[in-house]
Amino acid sequence: MTPDAVPLGGPRFQTEPARLYREMRRDHGAVTPVVLDGDVPAWLVVGYRELHQVTGDPVLFSRDSDLWNQWDMIPDDWPLLPMIGRKQPSILYTVGERHRERAGMISDALEAIDPFELRGHAERFADELIDGLCTAGEADLIGQYAMLLPVRVLARLYGFSDEDGPGLVTALNDMIDGRERAIAGQTHLATSMAQLLADRKADPADDVVSRMLQDKSGFTDEEMMNDLMVMMAAGHQPTADWIGNSLRLMLTDSRFAASLFGGRNSVAEAMNEVLWEDTPSQNIAGRWASRDTQLGGRRIRAGDLLILGLQGANSDPQVRTDASALTGGNNAHFSFGHGEHRCPFPAQEVAEVVARTGIEVVLDRLPDIDLAVPADSLTRRPSPWLRGLTALPVRFTPVPAL
Ligand code: HEM
């Protein structure tokens with residue numbers, strides 16, 4: 001292990017990640033040695049150009065976690081195992097031609113979603129959630145709103161009925177929470193997915209799961225189940241955080257405050273700025289070197305783990321010569337990844353519509369909304385991976401439900 005390796009965890013990822021990534025770059029360069037829980041070594045790629053190299057070469061920097069040279073060090077109860085899994089038959093760890101077929105199946109199934117229907121579902125569920133809180137005059141827009149919305153919309157698009165929705169919301173949030181109800185949540189999700197697959201095999205409909213089943217590439221039920229879990233979990237949490245981080249920006253930054261009363265452009269601007277400066281997807285694990293190589297002046301050994309430092313790369317001064325020049329309409333950030341394993345384009349579009357609709361409905365329905373606590377008291381979850389608020393307390397003039 002490199003003696004000056006930086007722990008990938010701790011309060012600074014929560015409180016001041018921008019300064020932390022700056023210091024990493026200053027002290028270690030574009031490819032920083034880090035240690036994960038249990039003193040497990042890895043590299044964090046925080047240089048824009050270097051991250052481009054890693055994500056653009058899926059053969060040299062593979063998604064195949066079996067290549068890892070640290071598996072002997074990893075105990076069965078290692079806390080990061082759910083994220084850096086071994087032999088998980090999901091799209092995340094599939095490589096080569098099989099991955100291309102699988103990504104194609106998922107992209108095609110998502111691409112066929114009717115945009116008007118998508119917007120309609122997102123508005124309906126968002127309005128339902130606002131109806132549940134609008135008469136109170138105060139609310140937590142994370143726990144009562146952002147964490148409940150994307151999963152409802154995704155469940156409906158994938159093929160679940162509206163009655164299944166609330167149970168799936170609880171199960172997925174329990175699973176993500178990672179505490180005592182996590183396993184029960186995962187079991188409920190898995191059972192519900194298996195049932196949906198069986199139902200749609202017998203009786204196809206116009207939904208994402210039916211379209212995936214029609215795919216000719218011959219994926220097993222287990223593969224389909226795993227992909228559906230990824231599409232649910234990888235879709236829900238970052239989209240919820242995108243809503244939360246964008247609302248926070250709009251409620252705390254005077255550049256946006258003035259346009260809360262109906263300014264549509266500013267919603268898109270706030271959302272894009274969040275993807276550059278305060279992205280939900282801070283760091284993602286990862287890629288494994290398939291042979292010894294060099295990267296950013298470092299010697300990388302075959303089997304080394306490289307973690308994608310998406311936020312670090314987004315703020316790399318080599319590309320951000322003028323702090324504001326790359327925000328606005330520019331979407332050359334890394335927040336959706338890059339290369340063959342990036343977030344599928346139709347998934348990005350679904351996320352964008354759900355997040356934008358979710359934000360617009362809040363602003364339409366609660367026009368005088370304001371923070372209920374000082375901005376500097378807002379806290380983030382203690383995680384170096386996905387960045388999101390623990391709560392967003394707001395107040396507003398009570399209005400009747402629709
Ligand atoms: C409807 C919402 C979404 C769905 C259904 C979805 C689905 C997926 C899927 C299936 C993958 C795996 C692709 C592969 O391995 O080939 C993926 C990757 C990824 N997603 Fe998404 N996603 C959603 C929203 C988001 C959002 C909002 C963000 C961040 C702001 C995000 C960031 C990423 C990143 C960075 C990767 C690449 C991981 C890597 O390169 O290893 N996704 N997404």
Side-chain angles (χ1 to χ4, degrees), residues 45 51-52 54-58 61-65 83-85 88-111 113 118 121-122 146 149-158 172 208-209 212 223-224 226-246 271-288 305-311 313-314 331 333-358 385-388:
V45 185
L51 193 56
H52 211 263
V54 169
T55 48
D57 189 342
F61 299 108
S62 172
R63 232 334 184 153
D64 181 358
S65 58
M83 195 157 46
I84 306 179
Q88 284 179 2
S90 87
I91 179 171
L92 291 180
Y93 299 96
T94 307
V95 296
E97 189 47 34
R98 195 70 178 151
H99 174 264
R100 278 186 282 281
E101 286 173 1
R102 218 158 162 174
M105 165 183 73
I106 291 176
S107 284
D108 290 350
L110 291 171
E111 190 153 29
I113 293 170
L118 167 59
H121 291 314
L149 181 62
V151 51
R152 277 306 301 268
V153 182
L154 293 178
R156 184 68 177 69
L157 296 171
Y158 294 170
L172 183 56
V208 170
V209 166
M212 283 169 68
E223 287 171 319
M224 293 275 187
N226 274 280
D227 286 354
L228 277 171
M229 286 296 247
V230 170
M231 289 162 70
M232 201 64 130
H236 168 65
Q237 180 75 61
T239 308
D241 289 335
W242 196 5
I243 295 174
N245 294 359
S246 304
M271 286 172 64
N272 198 45
E273 184 163 323
V274 161
L275 293 184
W276 276 101
E277 311 282 1
D278 186 29
T279 185
S281 48
Q282 295 272 305
N283 298 300
I284 301 259
R287 301 293 187 269
W288 287 267
L305 165 60
L306 297 117
I307 293 163
L308 313 181
L310 307 180
Q311 180 63 68
N314 285 349
N331 61 0
H333 54 71
F334 270 105
S335 294
F336 289 109
H338 173 71
E340 281 189 15
H341 288 265
R342 63 163 199 283
C343 191
F345 289 120
Q348 297 181 28
E349 281 166 30
V350 171
E352 203 268 336
V353 172
V354 173
R356 184 161 38 81
T357 309
W385 309 102
L386 283 179
R387 183 164 174 79

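We count ligands from 1, going down the list as the structure has it; atoms in each ligand are counted the same way.
Distances from ligand 1 to the non-hydrogen atoms of Arg102 include no value under 4.0 Å.
Only side-chain heavy atoms of Pro344 come within less than 4.0 Å of ligand 1; its backbone N, CA, C and O stay farther off. With a heavy-atom cut-off of 4.0 Å, Tyr93 does not touch ligand 1 at all. With a 4.0 Å cut-off on non-hydrogen atoms, Arg287 touches ligand 1 through its side chain and not its backbone.
Look at Asp241 and Arg387 and you find no salt bridge, because none of the NZ, NE, NH1 or NH2 atoms lies under 4.0 Å from a carboxylate O.
Nearest residue to atom 3 (C) of ligand 1 from Ser107, Gly337, Gly235 is Gly235 (criterion: closest heavy atom). Within the set Pro346, Cys343, Pro238, Ala351, the minimum heavy-atom distance to atom 43 (N) of ligand 1 is found for Cys343.
Short contacts between ligand 1 and Leu308, defined as distances under 4.0 Å to a heavy atom of the residue, involve ligand atoms 40 (O).
Of the protein's heavy atoms, Phe336 CE2, 3.4 Å lies nearest to atom 26 (C) of ligand 1.
At under 3.5 Å, a nitrogen or oxygen of His99, whether backbone or side chain, sits near a nitrogen or oxygen of ligand 1. Geometrically, ligand 1 and Trp242 share no nitrogen or oxygen pair separated by less than 3.5 Å.
Counting only distance, with no hydrogens or angles, the side chain of Thr239 and the backbone of Ala355 share no donor-acceptor pair below 3.5 Å.
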